[in-house]
Visitor: 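Pasting in a structure now, in structure tokens, and then I'll have a few things to ask.
Note that the coordinates shown come from a computational prediction; the quantities given were computed from them, not determined experimentally. Just so you know, these numbers use all the heavy atoms, side chains as well, and skip hydrogens, waters and symmetry mates.
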Amino acid sequence: MARKTLSERKADKLAELNRIKAELAELESKAAERIGKIAIAAGLGDLDIDDAAMRKEFEAIASKFRKGEAKQVAQAAATPGAN
């Protein structure tokens with residue numbers, strides 16, 4: 001079996017990279033749709049608030065839950081036999 005040329009190997013890797021980029025875009029799109037539906041159901045679509053302020057509030061929510069996750073991890077690590 002003949003070995004692939006550099007050009008062929010590069011083309012294969014670029015095709016793989018493009019496939020992965022498309023998968024990531026699809027994941028982000030699905031996450032955005034999910035979060036958007038939740039936000040609309042919560043009434044955020046009816047608020048007169050600019051994107052920067054909305055983002056700041058979303059970041060505060062994310063920070064709140066990240067702190068909760070960190071506490072859970074710390075508690076699990078401190079509990080004997082948890083591992």
Side-chain angles (χ1 to χ4, degrees):
M1 183 159 119
R3 183 175 172 179
K4 289 186 175 184
T5 66
L6 175 60
S7 295
E8 291 170 330
R9 289 182 292 176
K10 283 175 66 175
D12 289 347
K13 291 299 180 182
L14 287 172
E16 182 180 356
L17 179 61
N18 288 332
R19 180 189 56 78
I20 292 169
K21 284 181 179 181
E23 286 180 22
L24 288 173
E26 179 68 18
L27 287 172
E28 288 180 354
S29 177
K30 286 181 180 181
E33 185 177 336
R34 177 180 166 260
I35 292 167
K37 285 180 180 180
I38 293 168
I40 289 170
L44 293 177
D46 296 328
L47 297 178
D48 185 22
I49 183 171
D50 64 47
D51 290 354
M54 182 86 68
R55 181 183 175 124
K56 183 178 176 183
E57 294 303 320
F58 275 121
E59 288 171 350
I61 292 167
S63 175
K64 173 184 167 184
F65 284 95
R66 284 189 190 113
K67 288 178 185 174
E69 289 173 0
K71 287 179 187 177
Q72 290 175 348
V73 169
Q75 288 172 348
T79 304
N83 295 337

Visitor: Check R9 against R3 and note the closest heavy-atom contact, atom names and distance.
Guide: NH1-NH2, 3.3 Å
Visitor: Got a list of side-chain donor-acceptor pairs under 3.5 Å for residues 16-31, not counting sequence neighbours?
Guide:
| unit_1 | atom_1 | unit_2 | atom_2 | d |
| --- | --- | --- | --- | --- |
| N18 | ND2 | L14 | O | 3.2 |
| R19 | NH1 | E23 | OE2 | 2.5 |

Visitor: Please list, chain by chain and in numerical order, all residues satisfying side-chain contact (heavy atoms from CB on, under 4.5 Å) with T5, sequence neighbours excluded.
Guide: S7, E8
Visitor: Quick one: side-chain hydrogen bond (donor to acceptor under 3.5 Å, both in side chains) partners of K37, sequence neighbours excluded?
Guide: E33
Visitor: List, one per line, each side-chain donor-acceptor pair under 3.5 Å for residues 45-64, sequence neighbours excluded.
Guide:
| unit_1 | atom_1 | unit_2 | atom_2 | d |
| --- | --- | --- | --- | --- |
| D50 | OD1 | A52 | N | 3.1 |
| D50 | OD1 | A53 | N | 2.7 |
| R55 | NE | E59 | OE2 | 2.8 |

Visitor: The criterion is side-chain hydrogen bond (donor to acceptor under 3.5 Å, both in side chains); which residues satisfy it with K10, sequence neighbours excluded?
Guide: none
